[in-house]
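First up is the structure itself, then whatever we jot down about it.
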Protein chains: 2
Amino acid sequence: MASSGRPTVRDIARHAGVSVATVSRVTRDDPKVAPATRERVQQSIDALGYTPSALGLSLAYQRHHTLGIVLPGLGGPYFAELVQGVESVAVAAGIAVNVLGTHFRPDAAQAVTQLAQRTDALVVQGGTVDQALLAEIAQSMPVVLVAGTSDHLATVRTDGHAGSREVTSHLVEVHGHRRLRFLGAPDGSPDPTARYHGFRAALEDHGLTEAGAPLRFGFEAKYGAIAARELDAEGDLPDALVCANDELAFGVLATLPGLGRSIPGEMAIVGFDDNSLAGLASPTLTTVHQPTFELGATAARIALEPTRDGAAPAVPLPPDDRVLETRTVIRESCGCAV
Amino acid sequence: MASSGRPTVRDIARHAGVSVATVSRVTRDDPKVAPATRERVQQSIDALGYTPSALGLSLAYQRHHTLGIVLPGLGGPYFAELVQGVESVAVAAGIAVNVLGTHFRPDAAQAVTQLAQRTDALVVQGGTVDQALLAEIAQSMPVVLVAGTSDHLATVRTDGHAGSREVTSHLVEVHGHRRLRFLGAPDGSPDPTARYHGFRAALEDHGLTEAGAPLRFGFEAKYGAIAARELDAEGDLPDALVCANDELAFGVLATLPGLGRSIPGEMAIVGFDDNSLAGLASPTLTTVHQPTFELGATAARIALEPTRDGAAPAVPLPPDDRVLETRTVIRESCGCAV
DNA sequence: CCGGTGGATGTAACCGGTTACATCTGCCAC
DNA sequence: GTGGCAGATGTAACCGGTTACATCCACCGG
């Protein structure tokens, strides 16, 4: 039945009049094949259009040559850039990337468990998966947590607390703002939480303890727009708005001026991430730069390290905590002229 | 060596004192097992923490229980929503989704070929993969092209030409604009191309043949911002700007007003897609609604259809062309008061 | 008492690769 | 002429599941 479906090693072996071992040697460029035989096998391979099955290879090598990455969802430039960072490393190592979005999936835990079965290592965005589950998975394969902290896992993150504290201090010290609010839900994911705490720390540094409650919203641009409309409807705006990420800030930026409220005239605004849009919108966005691409690339490097030389037994990763630098980028939206 | 690594069927069989066939019957809920035996096997399974290997299952069933989706990249709400549509169908069918971003990958063709090996069906966004390659893959597995046309493939799309023509006509007929420009590179992907041609058709309908060249930019918000700065620098704005998607429109919206140019006062603007942000920004965005989620869901349904009952031999899909409805949504940014 | 029946279980082949080890060949040195 | 060796190739087991078919056994009716 060589006719149905894709040809297999045994089809090639029969066609070329050799054994499967020899065919395998040819496909793997094993030098222990006589030139004439190699030539004959190669012709059969070309004639039948043979490609080794990924499934068979995975089974034999006990390796999938695939890296899994778990995110809440695919929306927004942060995740897009993170994934690109991961891919840049994986692709260079000849490893495929498998992206899983957990947002809106009730069966996230199960989906991650399945993903773990189809991959050699996992890169997980903080706040997407229960840490107990992750710790268990991490016992049998490399798992790297991005933008989160853990006693048991390898982590890669930036210091959101310090960055947020610094940019908030700028608003208070340089521009003299005193009524500041935070936009973004400071619970759930570790990143927004750290940023909120940095914001609070800066306020306390300056004796501003009466800060209003954070505006609890999701992290996509549309929530920035919704928040902007609410703020406008409330009447008086705060002096400055510290957003959990740039996306939210753009949502505000695309809404408030249209409602007749000037930025930064009536209200200053700062973001977090330093998106590609941050330096281009008007006013340009004051924000905290974080190396998102590098975050993904570093996580991928750590995750793939134990898998590197073919033979390694995919040992679990030791706990570790790598912190990448952030940098405050002052532009126009805080009120600074340029 | 039952101690190292995950337990297999044979480990369970030994532990429970039965054959592998019986273990397999228990895991598959085959009724042909005596209750007492089933109980004993189940205890061994629980004791050793056994889960059938996805790899073994795939090999035996010749099926991956995985659907692949190919996109240019993960940026922007359009793709996020498309993926969610695909996932909604796949997850309900107990099928995993594997997302591949081809953007910035020099080896896109190879990556897609690999993906095809690890999945049962493919959903491909138009303009990401060479059609000849797709046609070849489609001979051995179901492939659905989203937002593209083809003589040889099953396709699902919306009529971007008609939608774009309609919204452009609105700008001309209702608001009397005569100097219109199109934002977005009208080559490469089929979607922007169709929208550009619809735009041109509307102009010709009204005898406006002197339209300027399209502003050739990518399709992310940042390019909207760049275009806005260029337009502002040029001096006089067109009467109206027709954007290839909402993202671009928001880039413009987050930039031009800050440069002192009012929208829609000095220039009207319309988008395409009807993002979640479209009704929230200010001015609210006039745009063409397209059922993005449904686009993904429909594509997934078609792709998975031949795979549905376990036994089917994954027959290639017959060529087909399904067109989903679009609807023009008039809001404020075209100049209409609300 | 014996043959037939059907339910429970085991054996072994198969899915598509890799690879340890065995075998076969030709050549060389003694 | 023969033993040893090395290089080329084949055989068969293995990775982790499923499943056609064989086997075993208890029970039944004649």
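Basis for what follows: all heavy atoms, side chains included, without hydrogens, waters or symmetry-related copies. Residue numbers start from 1 in every chain, and the chains themselves are labelled A, B, ... in the order their sequence lines are given, proteins ahead of strands.
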Between [N] and [X], is there an OP1 or OP2 to side-chain N/O distance shorter than 4.0 Å?
X	N	answer
A:S19	D:dT9	no
B:R28	D:dT19	yes
B:S24	D:dG17	no

Can you tell which of [options] lies closest to the side chain of [X]?
X	options	value
A:V9	D:dG17, D:dT18, C:dG16	C:dG16
A:A34	C:dG16, D:dA8, C:dT9	D:dA8
A:Y61	D:dG17, C:dA8, C:dT18	C:dT18
B:T37	C:dA8, D:dT19, C:dG10	C:dA8

Rounded distance (Å) that lies between atom [atom2] of [N] and atom [atom1] of [X]:
X	N	atom1	atom2	result
A:R40	D:dT9	CZ	C1'	11 Å
B:Q117	C:dG17	CD	P	9 Å
A:D11	C:dC15	CG	P	9 Å
B:Q62	C:dC14	CD	P	14 Å
B:Y50	D:dG17	OH	P	4 Å
B:R14	D:dG17	CZ	P	13 Å
B:R10	C:dA13	CZ	P	13 Å
A:H64	D:dC15	NE2	C1'	11 Å

Remember a base hit wins even if backbone is also touched, and classify [X] as base, sugar-phosphate or nothing at under 4.0 Å, heavy atoms.
X	result
B:V20	base
B:L55	nothing
A:S58	nothing
B:T22	sugar-phosphate
B:A21	base
B:S53	sugar-phosphate

Hey, does the side-chain of B:R25 have a donor or acceptor N/O within less than 3.5 Å of a partner on the base of C:dG10?
yes

Taking for each residue the nucleotide of DNA chain C with the nearest heavy atom, is it A:K32 or B:R38 whose nucleotide lies nearer the 5' end?
B:R38

Residue pair B:P31/B:L59 against DNA chain C: nearer the 5' end by closest nucleotide is B:P31

Decide, yes or no, whether a salt bridge links B:D321 with B:R157 under the criterion of side-chain N to carboxylate O below 4.0 Å.
yes

More than 12 foreign heavy atoms under 6.0 Å from NE2 of A:H65: is that the case here?
yes

Are any non-hydrogen side-chain atoms of A:R6 and B:S140 less than 4.5 angstrom apart?
no

Would you check if B:L71 and B:V83 make a side-chain contact, meaning some heavy-atom pair closer than 4.5 Å?
yes

So, taking the atom named CD in B:Q125 and the one named CG in B:L82, what distance separates them when rounded to the nearest 0.5 Å?
6.0 Å

To the nearest 0.5 Å, tell me how far B:Q43 CD sits from B:L48 CG.
11.5 Å

